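Notes to accompany the following structure.
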Amino acid sequence: MRKIPDNDDVRLTAGRALILGMALALTLGLAAVALTFPEDQPRLAQIALQRVPESGVNNPVTAVLLNFRGYDTLLEVAVLFLAIIGIWSMARTARVWIKRPDTPILGAFVRFVVPLMAIVAGYLLWLGADEPGGAFQGGAVLGGMVILWIAAAVWLPKRDGRALLRPLLAIGLAAFLLAATWMLLVRGNFFEYPPEQAKDLILLIEGAAMLSIGATLALLFVGGAPEEEEIG
Amino acid sequence: MIGSAMLYALSGVVLFGMGIYALLAYPNLLRKVLGMNVMGAGVFMVLIASAYRGGDAPPDPVPHALVITGIVVAVCATGLALTLATRIHAITGAAQLTADEEDSA
Amino acid sequence: MTLQLAFDIVLIVTVVVCAWAALTTPDLLRAIVLFIAFGLLLAFVWVRLQAPDVALAEAAVGSGLTGALLLSTLSAMRRRAAQAGVEASDEAQVAESEQEAAIAQDT
C-alpha cells in the first residue's frame with residue numbers, strides 16, 4: 001500500500017501551466033459575458049414579489065422556495081435522500097473515529113449547547129415565514145447539533161436504531177409528496193396550494209423537511225451505514 | 001445587473017476559473033473536491049449579484065431560492081464524492097486515481 | 001471612492017486570495033481550514049448583497065458542514081495510511097525473521 005504524502009507537489013509544471021492558461025481564457029470570456037448582463041429587472045422577479053401576500057408566508061424567499069418553486073424544492077429533498085442511499089450502499093463502516101475525549105470540556109460544552117441549538121433550530125423554522133430563516137437553515141442547525149453530539153463521543157447511530165433513523169430520513173420527502181398529492185386531489189394541479197390552507201401546508205412541509213435535512217446532514221458526516229456493535 | 005454588484009459578479013467568475021484550474025490540475029481527490037466547491041461558490045456569487053437591486057429595493061427572491069437549493073445539493077454531492085474517495089483510498093491505498101491495475105491491493 | 005466601494009474591494013480581494021491559498025497550499029489540512037475561512041467570508045458577501053437566508057444556509061451548511069466532511073475524510077485517510085504503515089513494517093519484521101530462521105537452518 002502506498003502512503004499518502006503529507007505535502008502535495010503543487011509546483012507549476014508545464015501541464016499545469018497549460019491548464020492555468022485555459023482557465024484564464026475561460027475566466028476572461030465569462031467576465032466579458034457577465035459585463036453584458038442587462039440592468040432592468042426580469043419580469044419573473046416582479047411577479048414573484050407582487051404575489052408574495054397570496055402565498056401564505058411573508059418572507060419572499062420562503063414563498064418562492066416552498067410555494068412558487070415548490071417542485072424544485074421537492075427534487076432537492078429527493079437529492080438529499082438519494083445521497084444517503086448512495087453513501088449507505090457504498091460504505092459499510094462509519095468514517096468517523098469515535099473515542100472518549102481527553103478533557104471533560106467537550107462533553108460539558110455539548111451538554112450545554114445541544115438544547116440551545118434545538119431551540120434555535122425550531123425558532124429558525126418558525127421564523128422563516130416572516131423573516132430570514134426556514135426549513136433549510138433550521139435543518140442545518142439541527143444537523144450541526146447532532147454532529148457535535150457525535151463528535152463529543154456521546155453517540156454514533158447503530159443498526160438497531162434504524163427503526164427510528166429510517167423514518168426520520170424519509171419523512172421530509174414523504175410529507176412533501178403527500179402534500180403535493182393532496183393539492184392535486186383538492187385543486188386539480190400538482191403544487192397548487194389552496195390559499196386558505198397555504199400557511200398550514202407550508203409549515204407542515206417545512207417541519208418534516210427540517211427533521212429530514214438535519215438527519216441527512218448528520219449522516220453525511222458519519223459517512224457510512226449504521227454499525228452493529230459499539231464503536232470505541 | 002446593478003453596477004454596484006458587477007464587482008461581485010466578476011469575482012464570482014474569477015472564483016470559477018480558479019476552481020476549474022484546481023479541479024483539473026491536481027491529482028489528489030480532496031483537492032478536486034475543494035476545487036469543485038470553489039467553482040460552485042463562484043456560480044452562486046454571480047447569481048446573487050444578479051439579484052441585487054440596490055439600497056432600498058427588495059432583492060429578487062428567485063435566485064436566492066435557487067442558490068439555497070444549490071448549496072444543499074453541493075453538500076450532498078461533496079458527501080458522496082468524499083465517500084467515494086474514502087473507498088478508493090481503502091482499496092488502492094492512494095488518495096488519487098491511479099492508471100495501472102497492478103497498484104490495487 | 002465611497003466607503004461602501006472600499007469595503008467591497010477589500011472583501012472581494014480577501015475572498016479571492018483566501019480561495020487561491022486554499023486551493024494551492026501544499027498541506028491539505030491547511031487547505032481545508034482555509035476553505036472553512038473562505039466559506040465564512042462568503043457568508044459575509046451574502047449579507048452584503050442583501051441575501052440573509054443564503055448567508056444563514058452558507059454559514060451552517062456550505063462552510064461548516066463541508067469543512068467537517070473534508071476534515072473527517074482527511075483524518076480517516078491518514079489514520080488508515082498510518083495503520084498500513086505499521087502493518088507493513090510488522091510484515092517486514094516477520095519476513096525478516098523468517099529469512100533469518102531460514103538462513104540459520106541452512107548454515
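To find a chain, count down the sequence lines: A is the first, B the second, and so on, and within it residues start at 1. Fair warning: this is a prediction, and the values are worked out from it, not measured in the lab.
For B:A57, the part sitting under 4.5 Å from any heavy atom of chain C is the backbone (N, CA, C, O) and nothing else. Interface residue C:L42: only side-chain heavy atoms are found under 4.5 Å from chain B. Interface residue C:L11: only side-chain heavy atoms are found under 4.5 Å from chain B. For B:A85, the parts lying under 4.5 angstrom from a heavy atom of chain C are both the backbone and the side chain. Heavy-atom distances place both the backbone and the side chain of B:F44 under 4.5 Å from chain C. Using a 4.5 Å cut-off between heavy atoms, C:L70 contacts chain B through both its backbone and its side chain. For a residue to count as touching a neighbouring chain, one of its non-hydrogen atoms must lie under 4.5 Å from one of that chain's; by this rule B:L15 touches chain C with the side chain only. With a threshold of 4.5 angstrom between heavy atoms, C:A22 approaches chain B through N, CA, C or O but not through any side-chain atom. Proximity to chain B is absent for every atom of C:S72, based on heavy atoms less than 4.5 angstrom apart.
Atom CG of B:L30 and atom CZ of C:F35 lie 12.0 Å apart (nearest 0.5 Å). If you take CE on B:M45 and CG on B:L10, they are separated by 11.0 Å, rounding to the nearest 0.5 Å. Put simply, CG on C:L34 and SG on C:C18 are 5.0 Å apart, with the number rounded to the nearest 0.5 Å. The CG atom of B:L29 sits 6.5 Å away from the CE atom of C:M77 when rounded to the nearest 0.5 Å. Taking CD1 of B:I20 as the reference point, atom CG of C:L23 lies at 12.5 Å (rounded to 0.5 Å).
Of the residues considered (B:I48, B:I68, B:V38), B:I48 shows the highest number of contacts with chain C, using heavy-atom pairs under 4.5 Å. Note: C:V45 leads C:V45, C:L65, C:L56, C:V13 in heavy-atom pairs under 4.5 Å with chain B. The candidate from B:Y26, B:Y52, B:Y21 with the greatest count of non-hydrogen atom pairs under 4.5 Å with chain C is B:Y52. No other option in C:T73, C:L49, C:L69 has as many heavy-atom pairs under 4.5 Å with chain B as C:L49.
The backbone N or O of C:A51 lies less than 3.5 Å from no partner atom in the side chain of B:H64, so there is not a single donor-acceptor pair. Of the possible donor and acceptor atoms, one in the side chain of C:T66 sits under 3.5 Å from a partner among the backbone N and O of C:G62.
Shortest non-hydrogen contact noted between B:M36 and B:L23 is CG-CD1, 4.3 Å.
Taking a cutoff of 4.0 Å between a charged side-chain nitrogen and a carboxylate oxygen, C:D27 and C:R78 qualify as a salt bridge.
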